[in-house]
Trainee: 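Mind having a look at this structure? Questions to follow.
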Amino acid sequence: MSDPVWILGIHMTKFGKHPDKDILDLASEGVRGALGDAGVTMQDIDVIGAGNVLGKGLIGQDLQKQLGQIGVPVFNVNNNCATGATALRVAMMAIKAGEAEVGLAFGVEKLSGAGMLGNWGGDDGDGEWTPTGRAGAVVPLEGRVNTQVMPAVFAQIGLEYGHRYGGADFELFARIAEKNHAHSTLNPLAAYTKRMSLEQIMNEPMIAWPNTRAMCSANCDGAAAAVLVSDAKLKTLSKEQQRRAIKISASVLTSDPWRDGCQVLPDINSLTRAAATTAYEQAGVGPEDLDLVELHDCFATAELVHYDNLQLCEEGGAVDFFESGAPWRDGRTPVNVSGGLESKGHPVAATGIANIWEISHHLRGEAGDRQIEGAKVGLAHVIGIGQACGVHILEKAAA
Amino acid sequence: MPATTCRVEGENLMVSAVPMVDYLVLGDSPHLEAEECTTCGARVFGRHNACPSCSATEFRRVAVATEGELHTFSIVNFGPPGVDVPYVAAVVDCGGTLVQGLVVNTPADPGHVTAGMKLRLTTFPIGTDSAGTEAIGFGFEPLQES
């Protein structure tokens, strides 16, 4: 077994509206926060994994032009909502490969007011019908053959699970959102920190049945960044740095394997299940060992299926798992104590590192009012539609 | 060039209609056609460079059952300009092959649309272009007990 890679420093900005900050201001705040937390400077960095989905620049280089042009390799990555986890994994692989001792990973997004994310596809041209694309479509297919708007796609995924195993109705999905909105009241960095009643959530505008607005991830601005370090390097650093370091016990990235129908209805399940299985093997822990989980609740309907995919419950048992109270912060396996994407917010490329920040915060015992007492092991999960899945298992330093 | 042909029993007949997608086959008994891998039997829709299941490169076109069961859906209330809302974006299990399509000819509300309901393929005009060619779309309507 090779030596572990450690998180030396990690930071997330407040998620929400930042009209006075551009994307580089946000990225700078995240990265400087992580560098400061790690006790290193830009000059110590050997490699950069950089994530941004909706922008167009080379964000890793653009950031250096503001914070320090150090000439190191930059990997600008895009795996949609799994981008942050991918950036972190790239930095980690460079350290594992022996090409770097200290790596920086960050994700940043300016999303406030972006509206619904999805691919409308096609072109409503004038003139004559012209078959275009792989399916020879003469009109855009959204709303005519299919939907690619995210609240609807993830609604289909949640209702598929509900139909297969039973017990999942509109109210159950709304109660999942109720939990996450309740959790975020303890998180000062969340985009929304107001508790919402079940009735309020169910009476919000219906975006795509059964997901109301309060059951959808909140588009917002934000950044998160992490500094990773090799085991050998960590041993040369101060006792305090070693004490606060977080062990990356598992780091797994998967894409979606072929399954019948997976190009008709995106299969976000197989790759998550596979990633979780590999992660548990890598870390030598099981789902029952997890003190907390941050999973990709881009919509309330998604959270339900990931209880199952991450094997927090028996196969088919996600509804019972939720009904038991297990995923509430005082339950057996607290899920999304940050408020999750539905309430903390979802600045796409930042999310995969922000989830890891949340876990790290608890493992260090620094989570304040929302601290899960005695947390030693946690799991962070993200899904990028398309599909990419990142799963990280993190452990408190032994010292 | 607009496609103004549709396949009817293997012949290419000039008609003034074009299917909304090329895997919709018009004619006397409209149906959808999947690309089926001749090696492993995996089914996909639309042109593929190779089979996503086994990477073989030969496909045959196979007719998909025109009746099926609602596998899952969402009722979309916010769509792109020019598309009527709400619409029921569905995945239909047609004899073991999953197909995308809207549920039509029934109110778009959760009281009328439930997973597991029986559906059948239906086609309808969706517009006419400047050359007078009609585009034909498809959807799935509730299968009436008779």
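In what follows, chains are A, B, ... by sequence order, proteins preceding strands, each numbered from 1. It should be emphasised that the depicted structure is a prediction, and the values quoted were computed from it without experimental measurement.
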Trainee: For the residue pair Y87(B) and T147(A), establish whether any side-chain heavy-atom pair is separated by less than 4.5 Å.
Mentor: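 Side-chain contact under 4.5 Å: yes.
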
Trainee: Who wins among P205(A), G261(A), A155(A), A152(A) for the most heavy-atom pairs under 4.5 Å with chain B?
Mentor: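 Option with the greatest count: A152(A).
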
Trainee: Taking side chain as C-beta onward, heavy atoms only, is L265(A) less than 4.5 Å from T72(B)?
Mentor: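 They are in contact (side-chain heavy atoms under 4.5 Å apart), so the answer is yes.
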
Trainee: Rounded to the nearest 0.5 Å, what's the gap from CG on N77(B) to OG1 on T212(A)? Could you check?
Mentor: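 Between N77(B) CG and T212(A) OG1, I get 11.0 Å after rounding to 0.5 Å.
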
Trainee: Sort E35(B) into side chain, backbone, both or neither according to what part of it lies under 4.5 angstrom from a heavy atom of chain A.
Mentor: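 For E35(B), neither part sits under 4.5 Å from chain A.
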
Trainee: How long is the straight-line distance from CZ of F154(A) back to OG of S74(B), given to the nearest 0.5 Å?
Mentor: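 Atom-to-atom, S74(B):OG and F154(A):CZ are 12.0 Å apart.
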
Trainee: To the nearest 0.5 Å, tell me how far W258(A) CH2 sits from C37(B) SG.
Mentor: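 Answer for the CH2-SG pair, W258(A) versus C37(B), is 9.5 Å.
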
Trainee: Go through T128(B) and W129(A) one step at a time and tell me if the side-chain contact (heavy atoms from CB on, under 4.5 Å) criterion holds.
Mentor: CA-CA 8 Å; T128(B) 303; W129(A) 304 119; 5.5 Å; no

Trainee: Mind checking the CG-CD spacing from D93(B) to E160(A)? Nearest 0.5 Å is all I need.
Mentor: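 Spacing of CG (D93(B)) from CD (E160(A)) equals 10.5 Å.
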
Trainee: Select one option (side chain, backbone, both, neither) describing which atoms of R259(A) are under 4.5 Å from chain B's heavy atoms.
Mentor: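 It is neither, since no heavy atom gets under 4.5 Å.
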
Trainee: Taking all heavy atoms of R144(A) and all of G82(B), pick out the closest pair and write down the distance.
Mentor: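 Closest pair (atom of R144(A), atom of G82(B), distance): NH2-O, 3.9 Å.
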
Trainee: What distance do D22(B) atom CG and T132(A) atom OG1 have between them, rounded to the nearest 0.5 Å?
Mentor: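 Separation between the atoms: 10.0 Å.
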
Trainee: Need one label for F73(B): side chain, backbone, both or neither, based on atoms under 4.5 Å from any heavy atom in chain A.
Mentor: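 When you check distances to chain A, atoms from both the backbone and side chain of F73(B) fall under 4.5 Å.
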
Trainee: Work out which heavy atom in N146(A) is nearest to a heavy atom in A89(B); give both atom names and the distance.
Mentor: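 Looking at all heavy atoms of both residues, the closest pair is C-CB, 4.3 Å.
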
Trainee: Would you find more than 12 non-hydrogen atoms of other residues, nucleotides or ligands less than 6.0 Å from Y192(A) atom OH?
Mentor: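 Incorrect, the count does not exceed 12.
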
Trainee: Could you tell me which of C51(B), S53(B), A42(B) has the largest number of non-hydrogen atom pairs under 4.5 Å with chain A?
Mentor: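 Top count of heavy-atom pairs under 4.5 Å with chain A: S53(B).
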
Trainee: Where is the tightest heavy-atom contact between V138(A) and A135(B), given as atom of each residue plus distance?
Mentor: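 Result for this residue pair: CG2-CB, 4.1 Å.
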
Trainee: Does the side chain of F78(B) come within less than 4.5 Å of I207(A)'s, by heavy atoms?
Mentor: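 Yes - at least one pair of side-chain heavy atoms lies under 4.5 Å apart.
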
Trainee: Between R134(A) and N49(B), is the side-chain contact (heavy atoms from CB on, under 4.5 Å) condition met? List the steps.
Mentor: CA-CA 10 Å; R134(A) 293 269 168 155; N49(B) 297 73; 2.6 Å; yes

Trainee: Checking heavy atoms, do the side chain of V83(B), its backbone, both or neither come under 4.5 Å from chain A?
Mentor: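 The side chain, not the backbone.
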
Trainee: Quick check: are there more than 12 heavy atoms from other residues, nucleotides or ligands sitting under 6.0 Å from CD of E58(B)?
Mentor: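 Incorrect, the count does not exceed 12.
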
Trainee: Count the heavy-atom pairs under 4.5 Å between each of G96(B), G116(B), G137(B) and chain A, then report the option with the highest count.
Mentor: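 Top count of heavy-atom pairs under 4.5 Å with chain A: G116(B).
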
Trainee: Taking the side chain as every heavy atom from C-beta outward, state whether Q263(A) and H48(B) have any atom pair closer than 4.5 Å.
Mentor: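 Counting from C-beta outward, Q263(A) and H48(B) do come under 4.5 Å.
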
Trainee: Quick check for you: among P52(B), G101(B), G139(B), which has the greatest number of heavy-atom pairs under 4.5 Å with chain A?
Mentor: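 Most pairs with chain A among the choices: P52(B).
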
Trainee: By a 4.5 Å heavy-atom criterion (distance strictly below it), what part of V99(B) contacts chain A: side chain, backbone, both, or neither?
Mentor: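 Just the backbone, heavy atoms under 4.5 Å.
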
Trainee: Can you find a pair of side-chain heavy atoms, one from V145(A) and one from M20(B), that are under 4.5 Å apart?
Mentor: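 Of all side-chain heavy-atom pairs linking M20(B) with V145(A), at least one is under 4.5 Å.
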
Trainee: Applying side-chain contact (heavy atoms from CB on, under 4.5 Å), run through L141(A) and V21(B) and close with a yes or a no.
Mentor: CA-CA 9 Å; L141(A) 299 184; V21(B) 289; 3.7 Å; yes

Trainee: For residues Q156(A) and Q100(B), determine if any side-chain heavy atom of one lies less than 4.5 Å from a side-chain heavy atom of the other.
Mentor: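 Heavy-atom side-chain distance check fails, nothing below 4.5 Å.
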
